[in-house]
Q: 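Below you will find the structure I want to go over with you.
Chain letters run A, B, ... following the sequence lines, proteins first, then strands; residues in each count from 1.
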Number of protein chains: 2
Amino acid sequence: MQPSQNESKVYIEIVKQLRLIISKEALKPGDKIPSERELSERLNVGRSSVREALRALELLGLIETRRGEGTFIRDFHGNQLVQLLGTFVLQDQKAIKDVLETRHSIEMDCIRLVIKRCNDSHFTKLRALLQFQRVNDEQIFYEIALLSDNHLVMRIWQILNDYVKALEIKQEMKNKSLYTELIDAIVSRNEKSALLIYKTLRNLSFD
Amino acid sequence: MQPSQNESKVYIEIVKQLRLIISKEALKPGDKIPSERELSERLNVGRSSVREALRALELLGLIETRRGEGTFIRDFHGNQLVQLLGTFVLQDQKAIKDVLETRHSIEMDCIRLVIKRCNDSHFTKLRALLQFQRVNDEQIFYEIALLSDNHLVMRIWQILNDYVKALEIKQEMKNKSLYTELIDAIVSRNEKSALLIYKTLRNLSFD
DNA sequence: AAATATCAGTGGTCAGACCACAAATAATCA
DNA sequence: TGATTATTTGTGGTCTGACCACTGATATTT
C-alpha cells in the first residue's frame with residue numbers, strides 16, 4: 001500500500017483503509033474485523049504495520065482484541081482515552097490545589113446533573129448505601145457520579161478521585177448526617193441546598 | 001519486561017514504563033525520549049512492541065516522531081486524534097451528547113472560577129478580544145478557561161473543545177452582543193446572570 | 001575556510017519464526 | 001448413538017534480524 005501523497009506513514013494509511021472497510025462492509029460495534037494477516041495481504045503491507053495501526057486504535061478504545069478470536073469493533077463507551085490523557089496530564093501537573101478544586105467542580109456538576117435528570121426510582125441505591133455502617137465518602141460520590149448518567153463526567157471524576165487518593169488526602173466520613181441531608185436535598189431537587197451542604201462537607205467557603 | 005500481574009499486553013506496559021521514564025527524567029514537551037532500540041534494550045522487549053506503544057501514543061498526539069532524528073514529547077494537542085475521533089465516533093449519539101454536556105459543565109465551572117478569583121486587571125485581554133471583528137466563540141472561551149487559573153480545568157476544557165471540533169459541530173458566533181453581556185456579567189461578579197447568559201448562548205434550557 | 005563525502009544513529013517497514021489461546025473439527029470411547 | 005477428548009486451524013502476541021530512508025555530525029577534500 002502506498003502512503004498516499006506526501007509520504008504519510010503506512011500505519012496511518014491502514015487506519016484510513018480500515019475505516020473504509022468498516023464503512024463499506026457496514027460493520028457495527030461488536031462485529032469482527034479482518035484478521036491481522038488478512039489485512040496484511042489485502043493491503044499489501046507487513047503485518048507489523050497492521051499491528052501498529054490496530055494497537056493505536058486499541059489504545060484509543062475504538063477496537064478490542066481478543067487473543068485466539070480476533071479483533072472487534074468497540075463502541076465509544078469504555079474507552080480509556082480520557083483515562084490516558086488524564087494520567088499524562090497529571091503526571092507533571094502536581095498542582096494539588098488544582099486537582100482538588102477541579103474535583104470539587106466536577107462533583108458539584110454531578111450533583112447538578114443528577115438533580116436535573118433523575119427520578120425517584122434512581123435514588124433507591126443511594127438511599128440504601130446510607131444504611132450500611134461502613135459506607136464511605138468515595139462510595140457515595142461514586143454513586144452520585146454514576147447517576148449523572150454522563151460517562152465522560154464519570155470518567156473524569158474517577159481520575160480525579162484516584163489522584164486525590166494517591167495524594168493520600170483521605171476524605172473522612174465524620175458527619176454521616178450531612179450525607180443524609182445531601183441526598184435528601186438531591187432527591188427533593190433542591191440544588192441550592194444540595195450545593196450548600198456539599199460545600200460544608202468539603203469545608204469550602206460559600207462564595 | 002513482564003506484563004504486570006494479569007498478563008496485560010507488553011505494549012501497555014511499555015506505555016506505563018515510558019510514563020515513568022518521562023517523569024523520572026523530568027522530560028518536558030519538546031524533549032527527546034530514548035530511541036526505539038534503546039527502549040527495547042532497557043525494557044527487555046522487542047523493538048516491534050516498543051513501536052506499537054509509540055505508534056499508539058503518536059496517534060494520541062502525545063509524542064511526535066521524526067525519521068532520522070528521534071521521538072519527542074509533544075505538547076499534547078493531537079490533531080490526529082481530533083480527526084480520528086470525528087470519523088470513528090460520530091455514530092454514537094450518547095457519546096456526543098455526553099461530550100457536549102460535559103463541555104457545558106466545564107465551561108460553566110470556568111465562569112464560576114473566574115468570577116471567584118479574578119480582579120479587574122485580568123479582564124483587559126478579554127475585553128480587548130471583543131474589539132476584534134473576527135473574534136470567535138472558541139477564542140473567547142479559551143480566554144475564560146485560561147482566567148480560571150486552574151491548569152487542570154484548562155486542559156480538560158481543551159480536550160473537550162477538541163472533541164467538539166472533531167464532531168464538526170461548529171459554534172456559531174451570531175450574537176456578539178451576548179458575549180459582551182457575558183463578559184460584563186463576569187466582570188461585575190454576577191454569577192447568576194453570567195450563567196444565564198451562557199445558557200442562552202449555548203441554547204440550553206434554564207432548569 | 002568552505003564545500004563535499006562519509007558514517008553512525010534513528011525511525012519505517014517487512015518477513016519469518018515461535019508462542020498462547022480459542023473455537024471448530026475430528027477421533028475416540030462409553 | 002451421544003458424549004467426551006484430541007487434534008487441527010485460525011487468531012492475536014512477541015521477538016529477531018534484515019533492509020531502507022533520512023538526519024546530523026564527522027571526516028575529507030577542495
Side-chain angles (χ1 to χ4, degrees), chain A residues 1-18 21-22 25 27 29-74 78 80, chain B residues 1-18 21-22 25 27 29-74 78 80:
Chain A
M1 173 165 62
Q2 299 292 336
S4 82
Q5 302 192 31
N6 22 357
E7 69 193 66
S8 89
K9 303 175 189 179
V10 170
Y11 89 97
I12 293 286
E13 288 304 313
I14 295 174
V15 168
K16 291 180 183 171
Q17 290 299 316
L18 198 51
I21 290 176
I22 291 174
E25 304 186 7
L27 301 179
D31 289 349
K32 187 170 171 299
I33 68 176
S35 75
E36 297 178 352
R37 289 173 178 84
E38 182 182 339
L39 284 173
S40 171
E41 280 193 13
R42 272 169 67 170
L43 304 178
N44 278 307
V45 294
R47 192 184 153 212
S48 52
S49 291
V50 171
R51 282 186 61 79
E52 289 181 11
L54 293 184
R55 261 4 87 212
L57 293 180
E58 184 179 57
L59 200 60
L60 278 177
L62 296 172
I63 60 173
E64 177 186 0
T65 54
R66 296 199 282 269
R67 166 187 277 177
E69 297 182 63
T71 303
F72 304 82
I73 300 178
R74 193 168 174 181
Q80 33 190 341
Chain B
M1 176 164 57
Q2 298 292 338
S4 80
Q5 301 193 29
N6 24 353
E7 68 192 68
S8 84
K9 304 174 189 179
V10 170
Y11 89 96
I12 294 286
E13 289 304 313
I14 294 175
V15 169
K16 292 179 184 172
Q17 289 299 317
L18 198 52
I21 290 176
I22 292 175
E25 305 187 6
L27 302 180
D31 288 348
K32 187 170 173 299
I33 67 176
S35 75
E36 298 179 352
R37 289 173 178 84
E38 181 182 340
L39 284 174
S40 171
E41 279 193 16
R42 271 169 70 169
L43 304 177
N44 277 308
V45 295
R47 190 181 154 212
S48 52
S49 292
V50 171
R51 282 186 61 79
E52 289 180 13
L54 293 183
R55 263 358 92 216
L57 292 180
E58 184 179 57
L59 199 60
L60 278 178
L62 294 172
I63 59 174
E64 177 185 0
T65 54
R66 298 200 281 271
R67 168 189 274 177
E69 298 183 62
T71 303
F72 303 82
I73 299 179
R74 195 167 167 178
Q80 308 273 19

Q: Hey, does G68(B) reach any base, or is it just sugar-phosphate, or nothing, if we go heavy atoms under 4.0 Å?
A: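 The residue G68(B) makes base contact.
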
Q: Regarding E52(B) and R47(A), does a basic nitrogen lie under 4.0 Å from an acidic carboxylate oxygen?
A: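 So E52(B) does not pair with R47(A) through a salt bridge.
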
Q: Hey, is the side chain of R37(A) pairing donor to acceptor with the base of dG12(D) inside 3.5 Å?
A: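 In this structure, the two groups form a donor-acceptor pair.
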
Q: Are OP1 or OP2 of dT16(D) and a side-chain N or O of S48(B) less than 4.0 angstrom apart?
A: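 Checking S48(B) against dT16(D): no side-chain N or O falls below 4.0 Å of OP1 or OP2.
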
Q: Please work out if S40(B) contacts a base, only the sugar-phosphate, or nothing of the nucleic acid, heavy-atom cut-off 4.0 Å.
A: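 Since no nucleic acid heavy atom lies under 4.0 Å of S40(B), the category is nothing.
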
Q: Which is true for T65(B) with a 4.0 Å heavy-atom rule: it touches a base, it touches only sugar-phosphate, or it touches nothing?
A: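 Touches sugar-phosphate only.
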
Q: The side chain of K32(B) is closest to which nucleotide in this list: dC14(C), dT10(C), dG24(D)?
A: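 Nucleotide nearest to K32(B)'s side chain: dT10(C).
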
Q: Looking only at the side chain of R51(B) (C-beta and beyond, no hydrogens), which of the listed nucleotides dC15(D), dT13(C), dC22(D) gets closest?
A: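 Comparing dC15(D), dT13(C), dC22(D) against the side chain of R51(B), the answer is dT13(C).
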
Q: What is the separation between atom CZ on R66(A) and atom C1' on dA23(C), rounded to the nearest whole Å?
A: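 Those two atoms, CZ and C1', are 12 Å apart.
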
Q: Check the phosphate of dC19(C) against R67(A), side-chain N and O only, distance under 4.0 Å to OP1 or OP2. Yes or no?
A: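 Checking dC19(C) against R67(A), no side-chain N or O comes under 4.0 Å of OP1 or OP2.
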
Q: Is there a donor and acceptor pair, one atom on the side chain of R47(A) and one on the base of dG13(D), closer than 3.5 Å?
A: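 It does, because a donor-acceptor pair links the side chain of R47(A) to the base of dG13(D) below 3.5 Å.
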
Q: Taking CG from N44(B) and P from dT14(D), how many angstroms apart are they, rounded to a whole number?
A: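 Result: 14 Å.
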
Q: Can you tell which of dA20(C), dT13(C), dA23(C) lies closest to the side chain of E69(A)?
A: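 Minimum distance to the E69(A) side chain belongs to dA23(C).
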
